Chemist: 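Starting off with a structure, shown below.
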2 protein chains.
Amino acid sequence: MRPSAKKIASLLSQKGYKLTAQRRAVIDVVVNSHEHLAPAALYERVRRTHPAIGLVTVYRTLEMLHELGLICRVHRGEKHGYTLAPSGHHHHLVCTECGTVADFTGCDLEALQQRLSQQTGFKIEGHLLQFLGYCRDCQGGT
Amino acid sequence: MRPSAKKIASLLSQKGYKLTAQRRAVIDVVVNSHEHLAPAALYERVRRTHPAIGLVTVYRTLEMLHELGLICRVHRGEKHGYTLAPSGHHHHLVCTECGTVADFTGCDLEALQQRLSQQTGFKIEGHLLQFLGYCRDCQGGT
DNA sequence: TTATAAATGAAAAACATTTTCAATTAAGTA
DNA sequence: TACTTAATTGAAAATGTTTTTCATTTATAA
């Protein structure tokens, strides 16, 4: 379930963070986008409604949202970006053309993880999984 | 199978790249390390045997090796590094303490991939999978 | 050897991200 | 509503990483 801007805002309040116009603006952009956005791209979008915001504030807000687990990082080659986090364990399917992100659950890696633990002696704490491809809208062109 | 420095060197030659002392030095460091190394870390190690090498050359050599598929990129939070690539499709198990990398094959994601294609309409072209944990040697301490 | 294109290293440029700090402001309190 | 105060902000500087530029050097083939 994708959280709403309102929900995220009230959560920040709860945690003792101040609800500034800048933070609301950043949250709005993240909530209203299904792509993963790099800090600079997000900054550009936020500036449309909030021209005086500083890039630093965008970075700081993203960091805060990330720490609270409200947004998550998407990998794409050398670049990366942030996207809204649904609740619970999930992963991403990313369109390499337009950046659209689809979430999915049920990664079902337990068996593989156990096999690897046994084979290597590693104590496994987590994993990184992401699929890359073309979304429905981007399958036509090159 | 981990390729040897000799094998990599002859492959470069074959492809028309010149075999310089600097390239040999970078390759040696990569081959003789089981950790994933960031460009700067690699540079420091190469400098031990080759003090005059430039950081730029390290970057360029890594890029070249990466393009040829001889090394691959390991993700770890904000940081990343390179490690030797075994032949064929594989993934990494990374120790978050010391950076040691173990390769594994048999990720077995076909079924999941097919399910996601159907559910989302994405045309999936690839995936990113990596396990994180503590290697045998790093499980004791904090 | 020699010729030559490829490769190198230093320096500068280009980016991305973080730090610093004085000014501003949200939110609780009187 | 008007304070108070700590949190937040934005500009500028600092930091760190990666890329570009260009004159010099060098591996390789003739």
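Since this is a predicted model, take the numbers as computed values, not measurements. Numbers restart at 1 for each chain; the letters A, B, ... are given by sequence-line order, proteins then strands.
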Chemist: For A/Arg24 and A/Tyr59, take the nucleotide of DNA chain C holding the closest heavy atom to each; which residue's nucleotide lies nearer the 5' end?
Modeler: A/Tyr59
Chemist: Find the distance B/Lys79:NZ to D/dT15:C1' and express it as a whole number of Å.
Modeler: 14 Å
Chemist: Taking the six-membered ring for Trp and the single ring otherwise, decide whether the centroids of A/His36 and A/His34 are under 6.0 Å apart.
Modeler: no
Chemist: Taking the six-membered ring for Trp and the full ring for Phe, Tyr or His, determine whether the centres of A/His127 and A/His91 are under 6.0 Å apart.
Modeler: yes
Chemist: Enumerate the protein-to-nucleotides 10-12 of chain C contacts in which both atoms are nitrogen or oxygen and the separation is below 3.5 Å.
Modeler:
none

Chemist: Measure the OG-CD1 distance between A/Ser13 and A/Ile8 for me, rounded to the nearest 0.5 Å.
Modeler: 13.0 Å
Chemist: Examine C/dT8: is either OP1 or OP2 under 4.0 Å from a nitrogen or oxygen in the side chain of B/Thr20? Give yes or no.
Modeler: yes
Chemist: Between D/dT8, C/dT17, D/dG10, which nucleotide has the shortest distance from any of its atoms to the side chain of A/Gln22?
Modeler: D/dG10
Chemist: Please give the remaining members of the hydrophobic cluster of B/Leu132, linking ILVMFWY side chains under 4.5 Å, ordered by chain and number.
Modeler: B/Val74, B/Val94, B/Val101
Chemist: At 4.0 Å (heavy atoms only), tell me whether B/Glu78 reaches a base, stays on the sugar-phosphate, or touches nothing.
Modeler: nothing
Chemist: Any carboxylate oxygen within less than 4.0 angstrom of a Lys/Arg side-chain nitrogen, looking at A/Glu97 and B/Lys123?
Modeler: no
Chemist: Give the rounded distance in Å between these two atoms: CD of B/Glu44 and C1' of D/dG16.
Modeler: 14 Å
Chemist: Take atom CD of A/Glu63 and atom P of C/dT17, then tell me their distance rounded to the nearest Å.
Modeler: 12 Å
Chemist: How long is the gap from CD on B/Gln130 to CG on B/Leu93, to the nearest 0.5 Å?
Modeler: 8.5 Å
Chemist: Assess the pair A/His66 and A/Tyr82: is the distance between their ring centroids shorter than 6.0 Å?
Modeler: yes
Chemist: Write down the distance between CZ (A/Arg47) and C1' (D/dT9), rounded to a whole number of angstrom.
Modeler: 15 Å
Chemist: Provide, to the nearest angstrom, the distance between the CE atom belonging to A/Met64 and the P atom belonging to C/dT18.
Modeler: 15 Å
Chemist: Just how far is it from atom OG of A/Ser117 to atom CZ of A/Phe122, taken to the nearest 0.5 Å?
Modeler: 9.5 Å
Chemist: Using a 4.0 Å heavy-atom cut-off across all strands, classify A/His80 as base, sugar-phosphate, or nothing.
Modeler: sugar-phosphate
Chemist: Quick one, which residues of residues 3-19 of chain A touch DNA chain D with a heavy atom under 4.0 Å?
Modeler: A/Tyr17, A/Lys18
Chemist: Can you list the steps and then say if B/Glu44 with B/Arg47 is a salt bridge (Lys or Arg N to Asp or Glu O under 4.0 Å)?
Modeler: CA-CA 5 Å; B/Glu44 284 312 324; B/Arg47 249 145 62 104; 3.7 Å; yes
Chemist: Just the rounded figure in Å: distance from P of C/dT17 to CG of A/Leu42.
Modeler: 12 Å
